[in-house]
Amino acid sequence: MAGLLAAGATAVAGSASADPSYPSAKQVEKAKGAVRSASQSVASLEAQLAVASAQLDQLQTQVQVAAEAYDVARIELDKRTAAAAAAHQQAERAQRDAQEASEQAGRLAVDTYINGPGYGGLEVFVSDAGPADLLRRAAGARIAGDIAHTTVERASAARVVAALMRRQADLALAQQQAAAGRLEQARKAAEAKAQAAEAERQRIEGERTQMIAQLASLKKTSVKLEAERQQGLEEAARQRAEARRKAEAEAAARRERARREAQDRADRPSRDTPSRGGGSDSGGASADTGGGSSRGSSSAGAAALAWAKTQIGKDYQWGADGPSTYDCSGLTMQAWARQGVSLPHSSTMQYSVTKHVSIDDLRPGDLVFFATDTSNPSTIHHVAIYAGGGQMVEAPYTGAQVRISSIYRSGLMAYGGRP
């Protein structure tokens with residue numbers, strides 16, 4: 001009995017000291033902490049991914065703004081160059097006129113010196129030809145004097161005009177040189193923005209790849225599956241943002257339409273007042289008549305859109321207008337040029353020269369615009385061709401290709417443009 005009791009005690013003691021077959025409370029708490037830490041890491045990484053996407057959007061906008069500044073500077077230089085050439089030609093013509101007038105005055109002076117005045121001095125009064133000849137010669141003397149006076153005055157005026165034209169030509173040349181300097185500054189700024197954006201894009205994409213791999217490890221999924229999930233999340237977020245911006249754009253268009261209709265009603269009495277020779281034409285229109293005039297028909301718009309679609313897949317390049325690369329306004333300019341409509345190579349200027357049309361009244365071929373401040377057209381930095389159904393054909397940004405995308409994104413102007 002004593003032996004059995006001793007053996008049992010030993011067995012019990014051994015059993016009590018052995019590791020249990022289930023997790024301890026400490027292990028459970030540690031596991032819970034690991035789950036919480038992993039969940040927090042997942043949430044943090046997903047938030048960082050969202051921020052990275054927003055950063056890429058901001059970089060793209062910055063490049064578009066810099067590219068637009070380059071396009072505007074190039075148009076200014078073209079105008080200044082033409083003005084300088086015209087001023088130079090005017091100065092040359094004025095100088096030739098002054099030279100010719102001076103030569104005429106000189107010839108008259110030489111002739112008078114050699115041949116004498118002919119019809120002046122005492123000769124008139126001592127002539128034996130009689131009163132009739134005396135009067136005739138006196139009149140001739142006055143005419144000769146008038147001609148000489150006019151010739152001298154013309155030569156003097158021509159010299160003044162030539163000097164003025166030379167000063168204007170010098171000023172035009174200085175303005176051309178200043179515009180060339182601004183273009184070079186804009187070119188360097190656009191290049192720097194594009195290079196910085198590309199470097200930042202590569203950095204962000206690298207970080208995104210690492211974060212997706214970390215997410216896959218934390219969540220015990222594959223990198224491929226996690227990348228697809230992130231794409232799905234970003235697409236869902238994009239669609240929500242697109243829906244929100246669509247609603248905002250439509251609301252803004254309705255407000256603007258109501259404001260303009262109220263203004264139209266307030267102005268109508270003066271327009272409807274009958275005038276002599278005809279009445280008033282009060283035909284209504286849903287389009288804002290601000291901006292330029294509409295020269296393109298709906299069929300021309302459809303043709304412009306069709307041509308733009310043939311350029312899909314070609315690379316974006318700031319300042320380019322084809323045939324292998326485009327920036328945003330270069331694409332729209334070329335699309336409408338093929339329909340006989342000339343547009344400037346600038347999104348801001350294209351807005352100013354086209355007829356403004358409410359977003360909900362757009363037709364295929366119209367232009368849609370994007371700005372950093374939608375209440376200020378001078379901040380427009382992007383333009384695309386409306387393709388119908390809330391879609392557009394655009395040359396988007398450095399590193400991307402001409403594509404079809406939604407118009408409902410940040411910066412959409414409430415009014416498009418009809419060339």
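Both backbone and side-chain heavy atoms feed into the values below; hydrogens, waters and symmetry mates do not. Keep in mind that what you see is a predicted model, and the values were worked out from it rather than measured.
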Original post:
Got a donor-acceptor contact below 3.5 angstrom from the T348 side chain to the I380 backbone?
Top reply: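 Yes; judged by distance alone, with no hydrogens or angles, the pair exists.
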Subject >> Side chain S346, main chain M349, donor-acceptor under 3.5 Å >> reply: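 Between the backbone of M349 and the side chain of S346 there is a qualifying donor-acceptor contact (under 3.5 Å).
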Strictly by salt bridge (charged side-chain N to carboxylate O under 4.0 Å, His left out), give each pair with a member in [range] just once, sequence neighbours left out.
range	result
residues 375-384	none
residues 298-310	none
residues 172-184	E76-R182, E184-R187

**OP:** Answer yes or no: is there a side-chain heavy-atom contact under 4.5 Å between V353 and P344?
**Re:**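 They are in side-chain contact.
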Original post:
Is the closest side-chain heavy-atom distance between W307 and I385 below 4.5 Å?
Top reply: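 No. Closest side-chain heavy atoms not under 4.5 Å.
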**OP:** Please name the residue in the list Q391, M392, E394 that meets the side chain to side chain contact (heavy atoms under 4.5 Å, CB included) test with I404.
**Re:**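 By the side chain to side chain contact (heavy atoms under 4.5 Å, CB included) criterion, I404 pairs with just one of Q391, M392, E394: Q391.
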What is the minimum heavy-atom distance between [X] and [Y], and which atoms define it?
X	Y	answer
A67	W318	CB-CB, 3.5 Å
C328	A395	CB-O, 3.6 Å
G417	T354	CA-OG1, 3.3 Å

Original post:
With no hydrogens and no angle check, do the side chains of K314 and Q311 hold a donor and an acceptor under 3.5 Å apart?
Top reply: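 Yes, Q311 and K314 have a side-chain donor paired with an acceptor closer than 3.5 Å.
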**OP:** Answer yes if the side chains of S329 and D71 hold a donor-acceptor pair under 3.5 Å, and no otherwise.
**Re:**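 Checked: S329/D71 side chains pair up, N/O donor to acceptor below 3.5 Å.
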**OP:** Among residues two or more places apart or on two chains, list those pairs meeting ring-ring contact (aromatic ring centres under 6.0 Å, His included) that have a residue in residues 362-387.
**Re:**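 Matches after skipping sequence neighbours: Y351-F369, F370-H382.
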Original post:
Which of these, R74, Q334, Q350, sits in a side-chain hydrogen bond (donor to acceptor under 3.5 Å, both in side chains) with H345?
Top reply: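 When side-chain hydrogen bond (donor to acceptor under 3.5 Å, both in side chains) is applied between H345 and each of R74, Q334, Q350, only R74 qualifies.
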Subject >> Test ring pair (Phe, Tyr, Trp, His ring centres under 6.0 Å) applied to W336 - qualifying residues, sequence neighbours left out >> reply: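 With sequence neighbours excluded, W336 shows a ring pair (Phe, Tyr, Trp, His ring centres under 6.0 Å) to no residue whatsoever.
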Let me have the donor-acceptor pairs involving side chains of residues 157-169, under 3.5 Å, with sequence neighbours excluded, atom names and distances please.
| unit_1 | atom_1 | unit_2 | atom_2 | d |
| --- | --- | --- | --- | --- |
| R159 | NH1 | S102 | OG | 3.2 |
| R166 | NH1 | Q95 | OE1 | 2.5 |

**OP:** Go through V65 and T372 one step at a time and tell me if the side-chain contact (heavy atoms from CB on, under 4.5 Å) criterion holds.
**Re:** CA-CA 9 Å; V65 169; T372 54; 4.1 Å; yes
Original post:
Is the NZ atom of K246 crowded by more than 12 outside heavy atoms at less than 6.0 Å?
Top reply: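 Counting other residues, nucleotides and ligands, NZ of K246 stays at 12 neighbours or fewer.
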